[in-house]
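A short worksheet on the structure shown next.
Values in this document were obtained by computation on a predicted structure and should not be read as measured data.
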Amino acid sequence: MKILVVEDDKTVGDYVRRGLDEAGYHVDLVGDGDEGLRRASGRGANYDIMVLDLRLPKLSGIDVLRTLRDRGLGLPVLVLTAQDSVDFKVQALRMGADDYVTKPFAFEELLARVEALGRRPKAIAPPVLHVNGLVLDMRHQSRVMSRTLITEYAWDYHFDPGTNIVDVVITRLRKKIDQSKEPKLIHTVRGVGYVVRA
């Protein structure tokens, strides 16, 4: 496998590159987000995995990740960063990261996660969902989404706001999408949440 490591800390970058080289991988190391994005998305790019720091010069790791996914590139990305807060992890995973390892780290764990990513299918589902003529810019196709998850995704609430805002918005969406139309696309799963399907 060919791996692109995007890490501005030379000591960490060299350590990761050397370890992956010794494990039999071909590794390229770059020190800023702009170059990482160029290498990963340029003509003839053929990397199997990207190991990506979040705090990078020129272009942040989150911006690199967002741009890759916006361009429809399914390159598996393992985030390797000192940012260990839940908010950073959630943001990176929702932006399209496939895995997340915090520094300091054991190289054995990093290697195991790289191996696991290498075993995954190469293609990922596009972030655009097509259902019976309706086009949605979203992920989690056919997954039932709870009210809590919807409030986190839509409004960045990390607590129960104690309102029926989700139900109000779903009612409005049903009027726009499902009114006098069959089959209905927005379904309630009682006691769980909502799902979009034909």
Side-chain angles (χ1 to χ4, degrees), residues 1-127 138-141 143 145-146 148-149 152-153 156 158:
M1 280 198 308
K2 191 173 179 184
I3 300 175
L4 176 63
V5 176
V6 188
E7 170 63 66
D8 66 322
D9 184 316
K10 186 165 174 23
T11 302
V12 173
D14 287 341
Y15 173 68
V16 171
R17 176 172 57 183
R18 184 173 63 252
L20 292 173
D21 275 340
E22 290 171 356
Y25 298 104
H26 175 82
V27 183
D28 289 334
L29 173 64
V30 297
D32 66 76
D34 194 47
E35 177 67 8
L37 179 61
R38 189 187 68 74
R39 291 274 196 105
S41 59
R43 183 170 292 180
N46 59 348
Y47 292 101
D48 297 292
I49 294 173
M50 174 189 277
V51 177
L52 179 68
D53 189 13
L54 292 185
R55 286 191 172 174
L56 294 167
K58 297 188 180 179
L59 194 64
S60 74
I62 286 293
D63 287 335
V64 170
L65 190 52
R66 179 187 294 115
T67 305
L68 286 173
R69 297 310 183 228
D70 286 349
R71 292 177 181 175
L73 298 173
L75 173 67
V77 175
L78 187 155
V79 169
L80 177 64
T81 182
Q83 303 296 326
D84 62 354
S85 74
V86 171
D87 284 346
F88 272 105
K89 290 178 183 178
V90 168
Q91 183 185 16
L93 292 168
R94 285 185 176 160
M95 203 61 61
D98 297 273
D99 205 349
Y100 196 105
V101 175
T102 56
K103 303 172 186 173
F105 61 96
F107 182 77
E108 187 176 4
E109 179 187 1
L110 178 70
L111 181 59
R113 290 175 182 266
V114 165
E115 290 168 349
L117 282 179
R119 292 192 297 268
R120 289 187 187 175
K122 298 300 181 196
I124 64 168
M138 62 182 294
R139 299 181 190 273
H140 310 296
Q141 184 170 351
R143 176 181 173 190
M145 299 295 287
S146 69
T148 301
L149 282 177
E152 285 191 6
Y153 275 89
D156 200 28
H158 299 285

message: What verdict does the side chain to side chain contact (heavy atoms under 4.5 Å, CB included) test give for R69 and V77, after you've listed the backbone C-alpha separation in whole Å, the side-chain angles of each residue and the deciding distance to 0.1 Å?
response: CA-CA 10 Å; R69 297 310 183 228; V77 175; 3.8 Å; yes
- prompt: Would you find more than 12 non-hydrogen atoms of other residues, nucleotides or ligands less than 6.0 Å from K58 atom NZ?
  reply: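 No.
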So which heavy atom on [X] is nearest to which on [Y], and how close?
| X | Y | result |
| --- | --- | --- |
| P57 | D32 | O-CB, 3.4 Å |
| A92 | V79 | CB-CG2, 4.2 Å |
| P76 | D98 | CA-OD2, 3.2 Å |
| S41 | L73 | CB-CD1, 3.4 Å |
| L37 | L68 | CD1-CD2, 3.9 Å |

Could you give the distance from [atom1] ([X]) to [atom2] ([Y]), rounded to the nearest 0.5 Å?
| X | Y | atom1 | atom2 | value |
| --- | --- | --- | --- | --- |
| I49 | L75 | CD1 | CG | 8.0 Å |
| E22 | L111 | CD | CG | 10.5 Å |
| L65 | R94 | CG | CZ | 14.0 Å |
| K89 | Y100 | NZ | OH | 6.5 Å |
| M1 | L117 | CE | CG | 8.0 Å |
| Y15 | L20 | OH | CG | 10.0 Å |

- prompt: Taking it one step at a time, do Y47 and M50 satisfy side chain to side chain contact (heavy atoms under 4.5 Å, CB included)?
  reply: CA-CA 7 Å; Y47 292 101; M50 174 189 277; over 6 Å; no
field: For I3, the option from D48, V51, D28, D21 that meets side chain to side chain contact (heavy atoms under 4.5 Å, CB included)
entry: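 Of the listed residues D48, V51, D28, D21, the side chain to side chain contact (heavy atoms under 4.5 Å, CB included) partner of I3 is V51.
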message: Tell me which one of V16, V5, L52, V6 satisfies side chain to side chain contact (heavy atoms under 4.5 Å, CB included) with L80.
response: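 Between L80 and the candidates, side chain to side chain contact (heavy atoms under 4.5 Å, CB included) is satisfied uniquely by V16.
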- prompt: Would R66 and D63 pass as an ion pair if we require N to O under 4.0 Å?
  reply: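 So R66 pairs with D63 through a salt bridge.
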query: Hey, is E108 close enough to R113 for a salt bridge, meaning N to O under 4.0 Å?
result: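 Salt bridge absent between E108 and R113.
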field: D53 (side chain) donor-acceptor with L56 (main chain) under 3.5 angstrom
entry: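 No; judged by distance alone, with no hydrogens or angles, the pair does not exist.
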- prompt: Is a side-chain N or O of R17 found less than 3.5 angstrom from the main chain of V27, in a donor-acceptor match?
  reply: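 Not confirmed, R17 side chain does not pair with V27 backbone.
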task: Find out whether F107 and R18 are in side-chain contact, i.e. whether some heavy atom of one side chain is under 4.5 Å from a heavy atom of the other.
output: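 Of all side-chain heavy-atom pairs linking R18 with F107, none is under 4.5 Å.
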query: Quick one: side-chain hydrogen bond (donor to acceptor under 3.5 Å, both in side chains) partners of T67, sequence neighbours excluded?
result: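 Checked T67 against side-chain hydrogen bond (donor to acceptor under 3.5 Å, both in side chains); zero matches.
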